2 protein chains.
Amino acid sequence: MPRKPNHDRNELIARARDLFWRQGWAGTSLKDLEAVLKMKPGSFYAAFGSKEALFEIAMDKYAEDGAGRLAELVEAHGPMAALKRYPELAICREEAPAKACMLSKTLLELQAHGHPLAKRASAHLMGMEEQFAALFSQMQQDGEIAATHDPKSLARRYQSDLLGLRVSAEREGIDAHAIAREIAEGLDRL
Amino acid sequence: MPRKPNHDRNELIARARDLFWRQGWAGTSLKDLEAVLKMKPGSFYAAFGSKEALFEIAMDKYAEDGAGRLAELVEAHGPMAALKRYPELAICREEAPAKACMLSKTLLELQAHGHPLAKRASAHLMGMEEQFAALFSQMQQDGEIAATHDPKSLARRYQSDLLGLRVSAEREGIDAHAIAREIAEGLDRL
DNA sequence: TATATACTTGAGTGATCGCTCAAGAAACCC
DNA sequence: GGGTTTCTTGAGCGATCACTCAAGTATATA
């Protein structure tokens, strides 16, 4: 009996994610979303409920895709090579709407108001860090790095370096690839 | 003939800077500013012209004060010790309205819209980096670090580490002091 | 004290914000 | 084709946005 939607929901979420990623929470109006998604307000709210609900879905997709890309990298090249390649990969993608991390952007923008989306961004960052820690841990078991380090500390520092790199990559006149290279080389000293 | 202003302009700018620093550009409404500055709209616009103009002044003050604190540190302890202490100092101040850097927050929030304030934040970041580069350069002349490094590259990396640290410090459940310590220790390897 | 000159006040401007909802259009079942 | 159901449409809601301005108040000089 029903009529099927005109749009592919997954594609809509991806487009919304890119817009939010680029422009942030307050920087993205419903008019912007309507234009990019080619939806009128009524359809938009029927499909997603609210701007905040869509942002949450979009951010979840962002985190999921990022974790997936890292997992693929590990699958293909092992933990060490994956962590060495990841920084460059994070800033080189031409199709990405921004160099900086959507999670950190969201955290910095909304943290002060205690916004739920900031808490969720924070949780996703912690999830990434656990993924990093697991890789460092595995590298220790494989004897690739010294067993004296605390995997969680290594992950914390790696995450921090990554966040710094991706803020730097947003600046003009900065050779972020050089920083990415240095982060990768830093892993050799472990 | 004239009546003198009720408020100290410098103090007003400091309070505005703290509010903008914490809440960002879009996150700070004129109502917020009126409350913190205890000014009605008329006075506000007579004194500062616009929200954007005040933000610019506030950000300039932020950059100036930051540069001043580093200069004092250098004066007191020399370049190496200053750069080793600066990361911890950047995140430990209790009275600071946020751990993250106001310049990076502004850059990330407004860059996508090509906002003039983002360009100005970027310029200030570059100014900081030049200050760092000058210190690394001086350390080479003093024989404190190897002469083989490029001071500008060192400064770029140090700045990136600092930005990452200060984003990390904004997260909950992260021991940022440990990261600050690691950044300081990293300078020993030069 | 009279006058001139800032500075302060706050109601109110148009624009934009996120969002609602009644009505119309399209796709399915029988 | 008729009836049902879902999706789409877009005018318009109240709230808030950054901002204005005419009127009022306080402080200076004369």
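Predicted model, so just to flag it, every value in this text is computed and none were measured. Below, read A as the first sequence line, B as the second, and so on, with proteins coming before strands; counting in each chain starts at 1.
- Distances from the side chain of B/Ala46 to the nucleotides C/dT8, C/dC19, D/dT8 place C/dT8 closest.
- With contacts defined as side-chain heavy-atom distances shorter than 4.5 Å, the pair A/His124/A/Asp60 qualifies.
- When each of D/dT8, D/dG10, D/dC19 is scored by its nearest atom to the side-chain atoms of A/His7, the top-ranked nucleotide is D/dT8.
- At whole-Å resolution of the value, CZ in B/Phe48 and P in D/dA18 are 16 Å apart.
- Two residues are said to be in side-chain contact when any heavy atoms from C-beta on lie closer than 4.5 Å; A/Val36 and A/Asp18 fail this criterion.
- Comparing atom distances between the A/Ser43 side chain and each of D/dT8, D/dA11, D/dC19 picks out D/dT8 as nearest.
- Computed from coordinates, the B/Phe55 CZ to D/dA18 P distance equals 13 Å when rounded to whole Å.
- For the pair B/Glu109/B/His115, no side-chain contact is recorded, criterion being any heavy-atom separation below 4.5 Å from C-beta on.
- Backbone-only contact: B/Ser29 has heavy atoms under 4.0 Å from sugar-phosphate atoms and none from a base.
- Among the protein residues, B/Lys40 comes within range of the nucleic acid bases, having at least one heavy atom under 4.0 Å from a base atom.
- Between B/Phe44 atom CZ and D/dC19 atom P the separation is 8 Å, expressed in whole Å.
- Of the candidate nucleotides C/dA11, D/dG10, D/dC17, D/dG10 has the atom nearest to the side chain of A/Pro41.
- Below 30°, between 30° and 60°, or above 60°: for B/Tyr86 and B/Phe132 the angle between ring planes is above 60°, a perpendicular geometry.
- When distances are taken from the side chain of B/Tyr45 to each of D/dA11, D/dA18, C/dT8, the shortest belongs to D/dA18.
- Between A/Gly42 and B/Met39, the residue anchored nearer the 5' end of DNA chain C, judged by the nucleotide with its closest heavy atom, is B/Met39.
- As a whole-Å value, the separation of A/Lys31 NZ from D/dG10 C1' is 13 Å.
- Spacing between atom CG of B/Leu37 and atom P of C/dT9 amounts to 12 Å, rounded to whole angstrom units.
- Computed from coordinates, the A/Leu33 CG to C/dC17 P distance equals 11 Å when rounded to whole Å.
- For the pair A/Lys105 and A/Trp25, the cation-pi test (distance below 6.0 Å, angle within 45°) is failed.
- Per the geometry, CG belonging to A/Leu54 stands 11 Å off P belonging to C/dC19, to the nearest Å.
- Note: NZ (B/Lys51) to C1' (D/dT16) measures 12 Å, nearest angstrom.
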